[in-house]
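Here the structure is laid out as structure tokens; the discussion comes afterwards.
This chain uses plain numbering: 1 for the first residue, then up along the sequence. Computed from heavy atoms alone, side chains included, the values below leave out hydrogens, waters and symmetry copies.
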Amino acid sequence: MDSNIIHHRSELEILTPNDFSFDYKNVKNLFETNKKSLNVGYNFEYLLNNTHLYACYKNGEFFGGIYFFEDSELEKNVREKFSIFENSKNLLFMNGFSTRKNLAENIAIIETTTNFYGQDIYACTEKKPAICCLLKAGFKNVTQQNQCEFRVYKFAQNHKNIT
């Protein structure tokens, strides 16, 4: 197994951009295809250079990407809408994109990658498939009902301090 492969769980592999098998073209195409539903304003090059990006493969076939990033301008609109972030710094956020019909694989990827980091992780979405995936992977809703058009979910690293 190549040393750049982060994780190999049965038929699932998680690769970094440093891996020679990382499929830049397909990762970029899937990101660009899903960019509007991700509700992000940055391009693939920004994603590649400013986040921890992982490509996800099942039986050698690329099916999605997941990325982590520290609180920044990327989530400025989120910070302004939710009081839970008022006095917080250096928060870690997660986002991802995938082909359809990969719920179990996406859950496994989220469960694995969230354990790479020793801190709480936040994700923001209004998409029902993403919400289902986050909840099944251990995230909890930390927003008030009707607070905003989308919700903030938190994965508490120690699973005890969910606010």
Side-chain angles (χ1 to χ4, degrees), residues 1-2 4-19 21-24 26-40 42 44 47-48 51-71 74-75 78 82 84-85 91-145 147-163:
M1 182 158 58
D2 187 285
N4 290 324
I5 296 175
I6 299 271
H7 177 74
H8 188 311
R9 180 174 167 181
S10 59
E11 73 277 354
L12 296 179
E13 289 182 312
I14 302 169
L15 306 179
T16 69
N18 295 329
D19 190 285
S21 299
F22 188 93
D23 188 348
Y24 287 91
N26 282 332
V27 176
K28 180 179 181 177
N29 287 343
L30 189 58
F31 171 75
E32 294 295 342
T33 300
N34 287 282
K35 188 174 167 180
K36 186 175 180 180
S37 67
L38 289 170
N39 198 23
V40 297
Y42 43 88
F44 182 72
L47 177 79
L48 192 60
T51 72
H52 297 166
L53 174 64
Y54 305 99
C56 309
Y57 297 80
K58 178 180 177 183
N59 297 323
E61 295 292 321
F62 170 72
F63 72 88
I66 188 167
Y67 57 99
F68 296 82
F69 52 95
E70 286 189 5
D71 179 36
L74 294 177
E75 293 299 324
V78 173
F82 296 101
I84 59 172
F85 298 129
L91 298 175
L92 188 63
F93 286 88
M94 179 196 82
N95 207 345
F97 47 96
S98 174
T99 57
R100 295 183 180 264
K101 303 196 186 277
N102 285 303
L103 179 63
E105 292 82 1
N106 289 333
I107 292 167
I109 295 295
I110 292 171
E111 289 173 342
T112 301
T113 55
T114 52
N115 288 315
F116 294 167
Y117 302 91
Q119 68 184 87
D120 298 343
I121 299 168
Y122 294 88
C124 308
T125 187
E126 80 272 355
K127 306 293 183 197
K128 288 184 181 179
I131 292 168
C132 177
C133 192
L134 289 170
L135 292 173
K136 288 182 180 264
F139 280 74
K140 304 291 183 208
N141 185 354
V142 294
T143 50
Q144 310 253 336
Q145 196 72 356
Q147 188 172 9
C148 189
E149 68 275 6
F150 59 91
R151 306 278 183 262
V152 176
Y153 295 85
K154 178 181 179 181
F155 177 82
Q157 192 60 36
N158 64 14
H159 297 283
K160 293 178 183 172
N161 67 349
I162 296 178
T163 56

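Proximity of F63 to L12: side-chain heavy atoms (C-beta onward) are separated by under 4.5 Å at one or more points. With contacts defined as side-chain heavy-atom distances shorter than 4.5 Å, the pair I121/F116 does not qualify. No side-chain heavy atom of F97 sits under 4.5 Å from any side-chain heavy atom of T33. The side-chain heavy atoms of K140 and K154, taken from C-beta on, include no pair separated by under 4.5 Å. Put simply, the side chain of K127 reaches to within 4.5 Å of the side chain of S37, judged on heavy atoms.
Every side chain to side chain donor-acceptor pair (under 3.5 Å) that T99 has, sequence neighbours left out, goes to N102. Applying the side chain to side chain donor-acceptor pair (under 3.5 Å) rule to Y117 yields the partners H52, Y54; only residues at least two apart in sequence or on another chain are considered. Applying the side chain to side chain donor-acceptor pair (under 3.5 Å) criterion to T114, with sequence neighbours excluded, gives no partner residue. With sequence neighbours left out, the side chain to side chain donor-acceptor pair (under 3.5 Å) criterion links D23 to N26. With sequence neighbours excluded, the residues that form a salt bridge (charged side-chain N to carboxylate O under 4.0 Å, His left out) with K28 are E45. Contacts of A123 classified as side-chain contact (heavy atoms from CB on, under 4.5 Å), with partners at least two apart in sequence or in another chain: M94, L134, F139.
The minimum heavy-atom distance between L92 and Q119, with the atom names listed, is CB-NE2, 3.4 Å. Looking at every heavy atom in both residues, N106 comes nearest to C133 through CB-SG, 3.6 Å. Across all their heavy atoms, L38 and G96 have their closest contact at CD2-O, 2.9 Å. Closest heavy-atom contact between D120 and A156: OD1-CA, 3.4 Å. Looking at every heavy atom in both residues, G64 comes nearest to F62 through O-CE1, 2.8 Å. When all heavy atoms of L91 and Y122 are compared, the pair lying nearest together is CD2-CE1, 3.6 Å.
Separation of atoms CD (E61) and CD (E11) is listed at 12.5 Å; rounding is to 0.5 Å. Note that CD1 of I110 and CD of E105 are 12.0 Å apart. Values are rounded to the nearest 0.5 Å. Note that CG of N95 is 8.5 Å distant from SG of C124, once rounded to the nearest 0.5 Å.
With a 6.0 Å radius and a threshold of 12 heavy atoms from other residues, nucleotides or ligands, E32 has its CD atom above the threshold.
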Report task. Take L48 and Y24 through the side chain to side chain contact (heavy atoms under 4.5 Å, CB included) test and state the conclusion after the steps. Result -> CA-CA 10 Å; L48 192 60; Y24 287 91; 3.8 Å; yes

Report task. Give the intermediate values and the outcome of ring-ring contact (aromatic ring centres under 6.0 Å, His included) for residues Y153 and F155. Result -> CA-CA 7 Å; Y153 295 85; F155 177 82; over 10 Å; no

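Using a 30° and 60° split on the angle between ring planes, Y42 and Y67 fall in the perpendicular class, above 60°.
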